[in-house]
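One structure below.
Chain A is the first sequence line, chain B the second, and so forth, proteins listed ahead of strands; every chain is numbered from 1.
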Protein chains: 2
Amino acid sequence: MTAAPKYSSSTENYLKAIFHLQKSDGIVTTNDVANELQTRPASVTDMLKKLKAQKLLLYEKYKGFKLSNEGRKVALQIIRKHRLWEFFLVEKLNFGWDEVHEIAEELEHISSKKLIDRLDEYLGFPKSDPHGDPIPDSNGKFTLPKQVDLLNLPLNKVAEVSSIGDQSAEMLELLGHKGIALGTKVEVKKKFAFDNSLELKFKNQLIVTVSEHVAKNVFVKYDE
Amino acid sequence: MTAAPKYSSSTENYLKAIFHLQKSDGIVTTNDVANELQTRPASVTDMLKKLKAQKLLLYEKYKGFKLSNEGRKVALQIIRKHRLWEFFLVEKLNFGWDEVHEIAEELEHISSKKLIDRLDEYLGFPKSDPHGDPIPDSNGKFTLPKQVDLLNLPLNKVAEVSSIGDQSAEMLELLGHKGIALGTKVEVKKKFAFDNSLELKFKNQLIVTVSEHVAKNVFVKYDE
DNA sequence: ATTTAATTTTAGATTTGTCTAAAATAAAAT
DNA sequence: ATTTTATTTTAGACAAATCTAAAATTAAAT
């Protein structure tokens, strides 16, 4: 038997929104949450009180709020579910990475823990979702990959291209030509002190050279 | 973008319950529905009025009710989703057929039609769920497999064991020993007029003999 | 054909999550 | 340091889905 859901979908959405806003902004306001959840500040205040009563939130009126340990724990489980479902939709059902978010917004509220752990196993315990965001494990821990530009990537460390700073057409042309795209696995084999240019090696053993200017605009993530 | 759910989970559950009760009982009462949904008759009456307002139900107070065409259509889509998810849970995530119902009760309310059609394709368009119940196709049609006891199964026709009449410990022991269980694929190769005993052949080529008494209590389904 | 019993429906409350409009508080600007 | 502006909270209301208790209707039983 699947346990009755501990928290409502609405509660889960608030926790998730606050979690995400805390990550980016550090401090989160009532208006931020209202904006994120497409609702009104008054509704947010109402919910903040309920979350506090459930000990999911530390909240003092007019002063601010943040997730409690329990609140963060719940948020991480929702995020885990969301990202695993996204991975499933893309990997198994051939959805595009850009069309899975809405569906995962619904699937993330399915309560069964056994289901999600089985799904995780079925998918091969993926570490990140189709957008490159990390998937928390069943204890809520996730290995946050380190994000740096190529210039700061240690030598001989395999990393994955995660974002591009300068997205001008010229830059994208250059990257396309060199074979650098989101998700590409790269390794820095040599760094020339003279002009800070780099020699990169791909999985397919090919080696290319990029300038400091390019290296500064290619961000990669790696474990450790 | 996933379309907003047309109907609430509650509405969907009522439609599904009424659909099932109509199948078995023919006529459905307020009390039946209350019992099925673990709620109170007064709550059922409230909902009947709402369903009528949405044209999902034909209802005259004190006189009775039944699903409208639209109501039946919606119910069938919910049942389709429920059974496809059950199939997924058993086939892909290795759940037991007896532990998937509750989880599917939640999954069946995920709204995306694209999701369910992709899932259907991914699963190979299964015709029936792990309990042997037929899965409606995306138009709500389903091919009802013929259900007979082994005695009435035509010779050389591959069928699947779908239910057991006499579920006494003695019978189950016998069936277990012979290798007959729910879902087992069988074929009748020979029928002895003398005592109506049968020779059955399994997928793995093994042949066993069962008495008329046993044959009468083993129900199978087959297409056509 | 009445009376009795069962079923169904109404009336009025309750809970959850939302809303608007107004009040309270904090932050920004002069 | 006040005043103005923006933010946050309260107060009161609403819709959905449920409940209890009582009333209305139908069915069963004498």
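The interatomic distance linking Ile27(B) (CD1) with dT26(D) (P) rounds to 15 Å, in whole Å. Computed from coordinates, the Asn13(B) CG to dA16(D) C1' distance equals 14 Å when rounded to whole Å.
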Self-check item: Base-contact (B) and sugar-phosphate-only (S) positions in nucleotides 2-16 of chain C, heavy-atom cut-off under 4.0 Å, - elsewhere
Solution: -----SBBB------
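For Arg80(A), the salt bridge (Lys or Arg N to Asp or Glu O under 4.0 Å) partners at least two apart in sequence or on another chain are Asp117(A), Asp120(A). Residues satisfying the side chain to side chain contact (heavy atoms under 4.5 Å, CB included) test with Ala42(A), not counting sequence neighbours, are none. Legend: residues meeting side chain to side chain donor-acceptor pair (under 3.5 Å) with Asp137(B), ordered by chain and number and at least two apart, are absent. Applying the salt bridge (Lys or Arg N to Asp or Glu O under 4.0 Å) criterion to Glu121(B), with sequence neighbours excluded, gives no partner residue.
Salt bridge present: Lys16(A) and Glu108(A) bring a charged side-chain N and a carboxylate O closer than 4.0 Å.
Applying the ring pair (Phe, Tyr, Trp, His ring centres under 6.0 Å) definition to pairs two or more places apart or across chains, none involves residues 20-49 of chain B.
Contact annotation: Thr39(A) reaches the phosphate of dC19(C) (side-chain N/O to OP1 or OP2, under 4.0 Å). Taking 4.0 angstrom as the limit, Arg40(A) places none of its side-chain polar atoms (N or O) nearer than this to OP1 or OP2 of dT18(C).
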